[in-house]
Amino acid sequence: MGLLDSSGDLSAEMEVDAFRRLFPLRYYERHLAESIRPDGRPLGRARDTTVALGAVSSADGSALAKIGSTTMLAAIKMEVMTPSAESPDEGCIAIEFHMPPICSPIVRPGRPAEAAVVVSKQLSDTILSSGMIDLKELALVSGKAAWMAYLDIYCLDADGALFDAALLSAVAAFSHLQIPVVSVNDKGKIVAFTEEGDGRKLEKEAVNKEKIKLTLGSIPFSLTCALHKKYILADPTSEEESIMETLVTVVMDSSDRLVSFYKPGGPALAYTSLVTDCVALTRHRMKELEKILDEAFSGMEVD
Amino acid sequence: METDRKDGRTPNQLRPLKCSRNILHRAHGSASWSQGETKVLAAVYGPKAGTKKNEDPEKACIEVIWKPKTGQIGKAEKECEMIMKKTIQSICLLTINPNTTTSVIVQVVNDDGALLPCAINAACAALVDAGIPLKHLAVAICCCVAEDGSVVLDPTKLEEQQMRGFAYLVFPNSALSALPEGSSLVNGEPLEHGIITSVTHGVMSVDEYLKCVDRGRAACAKLSSFLRNSLQKSQFPSDMSSKAA
């Protein structure tokens with residue numbers, strides 16, 4: 001740390017770790033003034049990101065996404081349900097985000113974390129309004145049967161940018177999803193198709209013949225930025241999130257539309273220039289994430 | 001720009017605003033705020049001793065309790081609580097009363113669109129009524145993006161559902177200051193142009209969002225002068241039919 005040589009400050013006489021704990025904001029400002037972050041990243045760079053598809057073998061679609069040490073495990077279970085009367089030709093998606101106590105020291109056993117509810121609401125808003133999934137594709141028999149996709153996302157390690165990692169794992173899980181084969185039994189109920197079962201097949205042959213994949217529309221990608229004075233820190237860690245306080249999450253989809261610009265309060269105000277800067281960072285990040293997803297896919301196809 | 005609205009308003013026109021303060025005598029501060037048919041009641045209790053778990057005791061803690069019109073609170077209400085809490089935290093001077101908790105209770109009386117902005121405006125008036133130290137006021141507005149890309153302000157519930165997307169924006173109020181003009185600029189923009197809170201639903205282009213922000217700012221200047229007027233008029237209920245240009 002070559003930053004400790006300035007005089008007239010406690011930092012000259014103190015160990016780096018002690019200074020970091022006692023004056024976290026000043027510790028960060030010293031770094032930011034040199035355009036670097038304590039973990040060695042430049043301000044606008046996100047952490048290393050990996051996506052592994054098919055992490056849960058019992059689920060119909062699953063993915064494990066890691067952004068730095070933030071880890072999310074997403075899994076989709078498909079079930080047949082009766083569609084509602086208003087939309088007989090549409091399936092349904094239920095999204096739940098879980099933060100078990102193992103993920104972070106601030107989550108206590110017993111009580112669900114406040115952040116979890118908010119993230120799961122944001123996720124369902126984003127996924128449903130982005131139009132990534134055509135709910136009509138989840139239909140089986142009009143008015144009688146449709147697919148219900150239960151998407152559960154577990155946070156295994158919460159180290160900042162929870163929404164970004166959760167959305168990435170959700171998108172990856174949906175792209176890995178294979179809709180299982182079903183058939184109608186003698187009582188007219190739809191059951192999972194088994195080789196021995198002699199149940200005749202549904203009228204909807206296309207859905208029924210073999211496992212199909214969903215066609216994904218424009219895919220949403222997000223980037224969270226922490227704001228402090230004039231600095232924009234892309235993809236903050238949980239330490240940075242707690243020190244900087246102001247967070248902006250921008251979600252853009254692959255057809256370059258803005259799905260969400262989410263800034264819940266915070267001491268730093270977002271001026272027009274900052275809005276465009278955050279959008280530019282998100283566009284850049286989107287290209288990175290698209291590449292990472294493509295690589296995860298081509299890796300799957302080889303297997 | 002010619003979007004016909006059911007109630008005959010122009011795209012930039014807000015619904016009639018109403019604000020009354022000090023309506024609950026047990027609360028330390030209270031206010032009701034209505035925009036057309038949407039009405040929200042806010043009460044402030046505090047500062048009370050002690051902070052909640054996981055909060056910084058060196059600062060004042062803000063707690064927001066959202067009471068829906070009927071039923072239990074769900075995910076959507078929890079999200080509103082969180083957004084309001086963070087918004088209020090950013091306008092309060094938290095270091096004046098460290099290790100205290102201020103509770104803001106928001107009761108929805110009627111929801112006819114733009115509910116969250118209405119609640120934020122009500123909470124802000126209630127905080128002033130309770131005498132909680134604030135940096136500045138916050139004014140909130142809802143901007144809708146129609147199918148043809150035009151922007152409509154302060155939508156009703158029906159408009160909100162029909163539109164392609166909408167954004168809730170919160171800005172600081174325009175300050176009356178004795179300083180020479182331009183002295184309080186941040187990066188060449190006045191303080192009241194900075195977005196405190198932004199929540200969007202639905203898909204829009206970046207340009208449409210920026211258009212929303214522009215129009216929202218203009219409307220918030222009107223809203224903040226209304227809020228300032230009604231706060232100055234002491235405790236008598238005030239009302240004004242607003243017509244934002």
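In what follows, every chain begins at residue 1, and chains take the letters A, B, ... in the order their sequences are listed. What you see is a predicted model; the values in this text were computed from it and never measured.
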- Over 12 non-hydrogen atoms of neighbours within 6.0 angstrom of NE2 in A:H284: no
- Of all of B:G165, B:P172, B:A167, B:A76, which one pairs up most often with chain A through heavy atoms under 4.5 Å apart? B:A76
- Separation between NZ (A:K263) and OG1 (B:T87), nearest 0.5 Å, reads 8.0 Å
- Message: So which atom in A:G266 and which in B:S90 form the shortest heavy-atom distance, rounded to 0.1 Å?
- Response: O-CB, 3.3 Å
- Message: For residues 237-255 of chain A, give me every residue with a non-hydrogen atom less than 4.5 Å from any non-hydrogen atom of chain B.
- Response: A:E245, A:M252, A:D253
- Task: Look at A:Q122, A:E114, A:R257, A:K121 and state which one has the largest set of heavy-atom pairs under 4.5 Å with chain B.
- Result: A:K121
- Query: With respect to chain B, which residue among A:I106, A:V259, A:T272, A:V279 yields the maximal number of heavy-atom pairs within a distance under 4.5 Å?
  - Reply: A:T272
- Message: For B:M204, which atoms come within 4.5 Å of any heavy atom of chain A: side chain, backbone, both, or neither?
- Response: both
- By a 4.5 Å heavy-atom criterion (distance strictly below it), what part of B:R164 contacts chain A: side chain, backbone, both, or neither? neither
- Note on the structure: Only residue of B:E81, B:K78, B:M82, B:E77 satisfying side chain to side chain contact (heavy atoms under 4.5 Å, CB included) with A:V117 is B:K78
- Heavy-atom proximity to chain B below 4.5 Å, by part of A:T126: neither
- Message: Tell me which of these, B:V203, B:D56, B:I91, has more heavy-atom pairs under 4.5 Å with chain A than the rest.
- Response: B:V203
- Item | Toward chain A, the part of B:V199 with a non-hydrogen atom under 4.5 Å | both
- Item | Heavy-atom contact with chain A under 4.5 Å, split by part of B:I196 | both
- Message: I'd like to verify something: which residue of B:R217, B:M84, B:Q89 has the highest number of heavy-atom pairs under 4.5 Å with chain A?
- Response: B:R217
- Item | Verdict with supporting geometry, A:V275 and B:I195, side chain to side chain contact (heavy atoms under 4.5 Å, CB included) | CA-CA 9 Å; A:V275 173; B:I195 304 167; 4.0 Å; yes
- Query: Can B:K75 and A:S120 be said to form a side chain to side chain contact (heavy atoms under 4.5 Å, CB included), step by step?
  - Reply: CA-CA 8 Å; B:K75 271 187 194 171; A:S120 75; 3.3 Å; yes
- Message: Is B:A138 close to chain A through its backbone or its side chain, or both, or neither, when contacts mean heavy atoms under 4.5 Å?
- Response: neither
- Item | Side chains of A:Y271 and B:V213 in contact at under 4.5 Å (non-hydrogen atoms) | no
- Can you name the nearest heavy-atom pair linking A:F261 to B:T200, along with the distance? N-OG1, 3.0 Å
